[in-house]
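Contents: one structure, followed by commentary.
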Amino acid sequence: MKLLKRMTKRYIKYFLILCVAFLAACNVTKNVPEGDFLYTGAKVKIEDKDVKKKDKKILEPDLTSLLRPKPNMSILGIRPKIWIYNITRNAKKGPLKWIKKYGEPPVLFSSVKVDYNRDIVSNRLENKGFFVANTSADTTIHGKKASLTYLATAGPRYLINTVNFTTDSSDLGKAVHATAEESQLKIGDSYDLDVIKVERERIDSRLKEQGFYYFSPENLIIQVDSTTADHKVDLYMNIKDATTEKAKDIYKINNIFIYPNFKLRDTVQGKSPAAVKYKDFYVIDRTNMFKPAVFERTMFFYKGDTYNRADHNLSLSRLTSLGTFKFVKNQFIESDTTQKALDAYYYLTPMAKKSIRAEITGRTNSANFTGSEFTLSWRNRNAFRGAELLTLSAYVATDVQVSGNNSGDGIFRYGTEANLSIPRFLTPFKLNTSSAYIPRTKIVLGYDRLERQSSYKLNSFRTSLGYTWKESLEKEHQLTVLGVTYVHAPTVTDAYKLLAATNSTYRNAIEDQFIIGPNYNFNYTNTARAYKKNTFYFNANLDMSANLLGLIQGAKEENEKKLFGTPYSQYVRGELDFRHYYKLGLNSQWASRLIMGYGEAYGNSRSLPFVKQFFIGGTNSLRAFRARSLGPGIYRDPAQDSNDTISADQSGDIKLEFNTEFRPKLFSIVRGALFLDAGNIWLLNNDTNRSGAKFTKDFMKELAVGTGAGVRIDASILILRLDLAFPLRKPWLPEGERWVFDEINFGNKEWRKDNLVLNLAIGYPF
């Protein structure tokens, strides 16, 4: 008891010391020198009836952002960094020294250069077309604190009356004059120096496409005449007299030298005795590492071409996108043999040709199961001297459903894959693209083994030949000309066989399957543009199997055809995935997704192959429902509400899913989430084993709805996600009873057991 009293007194003592320190810190002006003040900031106020209200809303924050210095950070009137400074100012050891770096001394009023800020505001207004602007400053003092208000009288804003481009008759003058039609300077617009700067950059960009290599925006001058009209200006775009002759000349490409095995310490330049001439290029490759034809497909410059910056950038981008070179450098030097010509030099430093990589990662697969994977891969970045990428990999993975009441049967997977990526279209005829990205031919050969201990084991063999090409940074196409997949179940447990004998849902998962056919995928995304308020993601996929083969063989449901003793699947399947991301301030986002899928089997097949059917529910889908447990339609598998280890994965021919999620930043790398998910899957035809599974006009009444909240640890390279969800609408219940708001009871243990779903996953759901 005495020990407890001593400890209590000690903790009270520490608490009182902290309180005193806190109260002392609250006096943020304690370290402000006598006769000076704590500077609490400034603002700009435009007092002018000639300036429109909407223009004031834009101008005032812009002008205020120019003022210096910035005051100490304030949160609801509290300045925590000054508090920390006051507490830790004399700290030399202990925890106070550790937090000392987070403090900052008070910004003093004496450090403010009022005249300088006043001139900055006036100059900015003048640059925006307010040529008679005037600014004064007003000081407000409260105790030991002082602030400033800059009062700006803007006056009338000058508008553009005429825009006149140079009449210089030289090649340069004619080229500048030819850009007038696309000018950013419009008659009737307000005069704006920022727009003038953009206009000079635009003209420079156009001229660089026409061979004016040495030209720069600084060679242009825009003269302003404000005397010809009332509050209007005439603009004259001219070439500066001091512009050099080089800047006025059009340059062509002479020799092109490529060093594909360049070391950063090398200083070679010019034609080397080791150079091999290949068409219009000189390739200096002493070790014969690359075939010269590689560079013909990447270069956009040829001897005799007029210099063009677009072609210059395309060449660099293509060399980089080969994925073979660590560094890509370029240099243009005036030719010593041809007038007004440039020799082009490309210095390419290769990556290590061969490498081995081992990875252990958390993963969430397409079936919405969560687990971990170990992958060992070997890469050869120049397998056949044509910058081909050959990858051999093997993996072992475990997938466990960690959400829902019934965890189902865990999955163990392993497999291997050989992937050859060739940096060109491998076709009987010459085919290329003009984009900045190298098109690729991909050949894949793989084997996968999937084991569900209580159910079955599946072997899957796959091979494909296809093409990938990017139309731009945001648009990508993938075309699999021929893909072949063979699935066989060598082992099926007796318990699963018993269920499969009477239920086609179980039987479909273990049927031998041949899938042969093309696949096309288009992807568009501008989500990398972080500055945009609205960004989008769109993916469209079209998948077909055995259409030509089935037509040739006359395959029909009553006349089933086989390939190597196994029936092949015949179907068409399409899926659309649209996502919208709306930026709410700097740290929050609203994300939404809509998925629509449709598949139809015909000819040789009665239903879609199991691996091609649609599934719903799980960590990346409807999070209030276990993966592959929902639907189809209003059907409910009895095994889902029991403790049976074996339950059927519910699948469908049609899918509709909608998700929306608010993602606020909580602190540091921790983000929150509030979400709502809705959707379901359906069958095209009746299934005697699954009553109510067929798609009908009443499909909207059969949607499942769930909601919940989550936390994400966003460390950029890895995102850990924890979501807690529960259903709001259960489509398998009788009509009129499907909304279950009235059943929500977080205090009830049984309700929590039956309804709360915990999802642990890697990455964002979409």
Do the two ring centres, one from [X] and one from [Y], sit under 6.0 Å apart?
X	Y	answer
F461	Y447	yes
F325	F290	yes
F615	F610	yes
Y213	F332	yes
Y346	F257	no

For [X] versus [Y], what's the shortest heavy-atom pair and its separation?
X	Y	answer
P350	P260	CG-O, 3.3 Å
G679	I616	C-CD1, 3.7 Å
T525	T527	OG1-OG1, 2.8 Å
F295	L319	CD2-CD2, 4.2 Å

Is it true that the side chains of [X] and [Y] contain a donor and an acceptor less than 3.5 Å apart?
X	Y	answer
D448	Y395	yes
T306	K252	yes
Y764	N620	no
Y598	E600	yes
N419	T391	no
T660	S592	yes
N261	D285	no
N685	R606	no
R357	S377	no
Y520	D543	no
N534	R529	no
N519	T480	no
Y537	D577	no

For [X], look at atom [atom1] and say whether over 12 heavy atoms of other residues, nucleotides or ligands are found less than 6.0 Å away.
X	atom1	answer
K208	NZ	yes
K583	NZ	yes
F536	CZ	yes

Distance-only donor-acceptor hits, side chain of residues 509-517, under 3.5 Å, sequence neighbours excluded:
unit_1, atom_1, unit_2, atom_2, d
D512, OD1, H488, ND1, 2.9
D512, OD2, H488, ND1, 3.1
Q513, NE2, N508, O, 3.4

* Asked: How would you list, by chain and number, every residue that makes a side-chain hydrogen bond (donor to acceptor under 3.5 Å, both in side chains) with R573, sequence neighbours excluded?
  -> none
* Asked: Can you name the side-chain hydrogen bond (donor to acceptor under 3.5 Å, both in side chains) partners of D280, sequence neighbours left out?
  -> none
* Asked: Where do F212 and Y307 land on the side-chain contact (heavy atoms from CB on, under 4.5 Å) test, with the steps shown first?
  -> CA-CA 8 Å; F212 293 95; Y307 170 81; over 6 Å; no
* **Cation-pi, F614 ring and K655 (6.0 angstrom, 45 degrees)** => no
* To do: Under the side-chain contact (heavy atoms from CB on, under 4.5 Å) rule, collect the residues that match up with E661, sequence neighbours excluded.
  => R623, R663, A673, F675, R712, P765, F766
* Structure fact -> With sequence neighbours left out, the residues meeting side-chain contact (heavy atoms from CB on, under 4.5 Å) with D311 are F300, F301, N308, L314
* To do: With sequence neighbours excluded, tell me which residues meet ring-ring contact (aromatic ring centres under 6.0 Å, His included) with F522.
  => H477
* Residue pair E296, K279: steps toward the salt bridge (charged side-chain N to carboxylate O under 4.0 Å, His left out) verdict -> CA-CA 8 Å; E296 181 189 10; K279 296 188 177 181; 2.7 Å; yes
